[in-house]
Protein chains: 2
Amino acid sequence: MHAHVSPMLSNNRQSSTLSPFSGAYSTREYGRSGPLDEIVALGRARMVTEGTAIHRAGDAFRSVFYIKSGAAKRVLIQEDGREQILGFPMPGDIVAIEAISAGTHSTTVVALDICAIVEIPFEALEALAAERPDVARFLYQRMSAALREEHSWLAALGLFNADERLATFLLDLSQRFSARGFSAQRFMLRMTRAEIGSFLGLTLETVSRVFSRFQKLGLLNVTRREIELLDMDALYKLAHTRPTH
Amino acid sequence: MHAHVSPMLSNNRQSSTLSPFSGAYSTREYGRSGPLDEIVALGRARMVTEGTAIHRAGDAFRSVFYIKSGAAKRVLIQEDGREQILGFPMPGDIVAIEAISAGTHSTTVVALDICAIVEIPFEALEALAAERPDVARFLYQRMSAALREEHSWLAALGLFNADERLATFLLDLSQRFSARGFSAQRFMLRMTRAEIGSFLGLTLETVSRVFSRFQKLGLLNVTRREIELLDMDALYKLAHTRPTH
DNA sequence: CGCTGGTTTGACTTGGCTCAATCATCGTGG
DNA sequence: CCACGATGATTGAGCCAAGTCAAACCAGCG
C-alpha cells in the first residue's frame, strides 16, 4: 500500500543470514530513532507465547505495547462475536495507541508467534511527552501514521476486488519486511488463510484460490506459509501502486 | 441560515430554525472541553462555499481544520483516480489530523455545503500542547478516537452486507446529530447516494435500493435528502449494536 | 419550458460466498 | 516406529448479493 510510511527506516545494514523464516527475529536493526529508545526504556521486556493475548478489548487501558520481536494480530470483536482483523503488527510497531483516552481497550492483540513485548505505562509516557517535545511529536507521528494506514485499508476494502486486495496485502508485507532488513521477495506468512481473509474482508477459500491463481500466473510461489514473490511489477500493477523508493 | 433549510427539523431542542448542518452554532453545546476553545482560538474563522476543498491531498501540511458549521466529506484519492470517501465531518470535528507529521496532506476534504471553518496552524497547536498537558491530552484523545472510528468502519466493510452497512451509517449519523442537540430521528442527508455508496463500499444503485426496501419495511421514510428513522430498534438490530446513550 | 444532476427501478451478469470433499502436515500417544 | 486425530489448505459445484448497464423519472433552475 502506498501509504505505508514507516517512520523509521532503512539505515539498517542487516545481516542477510537472519531470515524471517527463522522464527523470532530481533529488531535492533529496525526502529532506531531517539525518542523510541527512551520510550521503550519506560517498560521492561517480557515474552509472550503464541496464542496469548497481549491485551484484550474491555481491559482497562493503562499501557501501550511495543513489539520487540515476533508477530501478532490486532482484532476488533463485534458484539455478535464476529471478528475483524485490523492488522498484523511487526517488530518496531506499537499497539493499543487507539485506546489512549478511552479508558478501556477496544481491540485485542494476540501473538501469532512467540513475542518479546515491552509494556509501556501510558502515564509514564505521557509524563515524558509533557517535558520532551520530541517525544510528543513522536507520538503524534505514530498516531497519524496509523490513521493514514487505516485509510489505505479502508479504501482497499471499499474499492478493490479479491485479487487487488491480496496483491496489496502481499506488497505491504513485503515492504515492511524489507524496511526491517529482510528480503522483500521471500518471507514467511505468520497468519492463516482465515486470518488473511478476515483482514481483507474475504473468506479463507477465496484467499486460497487467489494464491493458487497467482501461482499459476507466475506471480509468486507459495507453499503453506512460505511465500516468494516472483513478479513484483505485476503485483504492483494489481495493487494500483508504485514501489515506494 | 439558508432558504433551503427545511422547516422539518423543528423538533430539535435548540432554535427550531437551526438546521443541523447549516446553522453556525457555538462550540459550547458540543464538545465542550476547555482545551478545544483555546485550540480554536489559535485560528480565525472563514467561510467556504459548497464544493470547494478545505484542503487537498498533496498540499503541504501546515494546519488542521476545525469545522464550525456546515458539512463536508473526507476523500482519499487513489493513484488511478478512484475515490474512497472516508467520512463526513460534522461541526465540532477536526479534520486533517492524519496529516500531522506527514509533510503533506494525504486526504482531501470538500465542503458539501457552505461551511464555517477555522484553520489551526499546527505549529501553534504543537507549541500550545507543549506547555499545556491538557491540550496534549486533548490531541491524543481526538486522534485515538479517530482511530477507533476507522476501526469500526473497517469492520463494517469487512463483515457487513449492504443492509447492515446502511443501517450502521444511518444510526451513526443519528447519534452524531443527537450529540449535537438535533433530532435523532429526522435529519437531512447532505451527501448524494453516490457519496454514501463510496463511503460504504457500495454502488449508488444499491444504496437507493436498500433505502427503498427499508421504506417498504417501515424502517424509515426517505424522500430525496430528507430522512426520518421510524424503527430505531430494527435498525440497531441490523447494525448489530445497542443504542449508546 | 427544457436542461442537468441526482434518484429510482428493472433486467441481467458475475465475483465471491457457502457447502462439501479431499489432502497435507504435524504432534501425540500407543 | 506408525497410526491417528487435529488443524489448516486446496479445490469443486452451485448459488446469491451486489455490481453493471440501461431506461425513466423528478425537482430545481436558467
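All values below were derived from every heavy atom in this structure, side-chain atoms included, with hydrogens, water molecules and symmetry-related copies excluded.
- Looking at residues two or more places apart in sequence or on another chain, you find a side-chain hydrogen bond (donor to acceptor under 3.5 Å, both in side chains) between B:T52 and B:T49.
- A:S208 comes within contact range of at least one nucleobase, with a heavy-atom separation under 4.0 Å.
- Contact between A:F177 and A:M188 at its shortest, heavy atoms only, is CZ-O, 3.8 Å.
- Other residues, nucleotides and ligands contribute at most 12 non-hydrogen atoms within 6.0 Å of the CZ atom of A:R56.
- In this structure, B:D233 does not pair ionically with B:R242, as no charged nitrogen and carboxylate oxygen lie closer than 4.0 Å.
- Using modelled atom types, one finds a donor on one side chain and an acceptor on the other under 3.5 Å when comparing A:E164 with A:H240.
- Put simply, A:R193 has no side-chain N or O that comes within less than 4.0 Å of OP1 or OP2 on D:dG8.
- Atom P of nucleotide C:dG6 and atom CZ of B:F211 are separated by 16 Å, given to the nearest angstrom.
- Between A:S212 and D:dT11, a side-chain N or O to OP1/OP2 separation shorter than 4.0 Å is present.
- With rounding to whole Å, B:E226 atom CD is found 15 Å from C:dG6 atom C1'.
- A straight line from CG of B:L112 to C1' of C:dG5 spans 15 Å, rounded to a whole angstrom.
- The CD-P distance, from A:E164 to C:dG15, rounds to 12 Å in whole Å.
- Following rounding to the nearest Å, A:L204 (CG) and C:dT22 (C1') show an atom-to-atom distance of 15 Å.
- Aromatic ring pairs are classed by plane angle as parallel below 30°, tilted from 30° to 60° and perpendicular above 60°; the pair B:F61 and B:H105 is perpendicular.
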Query raised in the report: If the sugar-phosphate is the primed atoms plus P, OP1 and OP2 and the base is the rest, what is the B/S/- string for nucleotides 18-30 of chain D, using protein heavy atoms under 4.0 Å?
Result: SSBB---------

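- Straight-line distance from the CD atom of A:E50 to the P atom of D:dT7: 13 Å, rounded to whole Å.
- In this structure, the CD1 atom of A:I196 is 16 Å from the P atom of C:dG16, given to the nearest Å.
- One atom, CZ of A:F214, and another, P of D:dT11, lie 15 Å apart when rounded to the nearest Å.
- Ion pair B:E150/B:R74 flagged as a salt bridge, since at least one NZ, NE, NH1 or NH2 atom sits closer than 4.0 Å to an Asp/Glu carboxylate oxygen.
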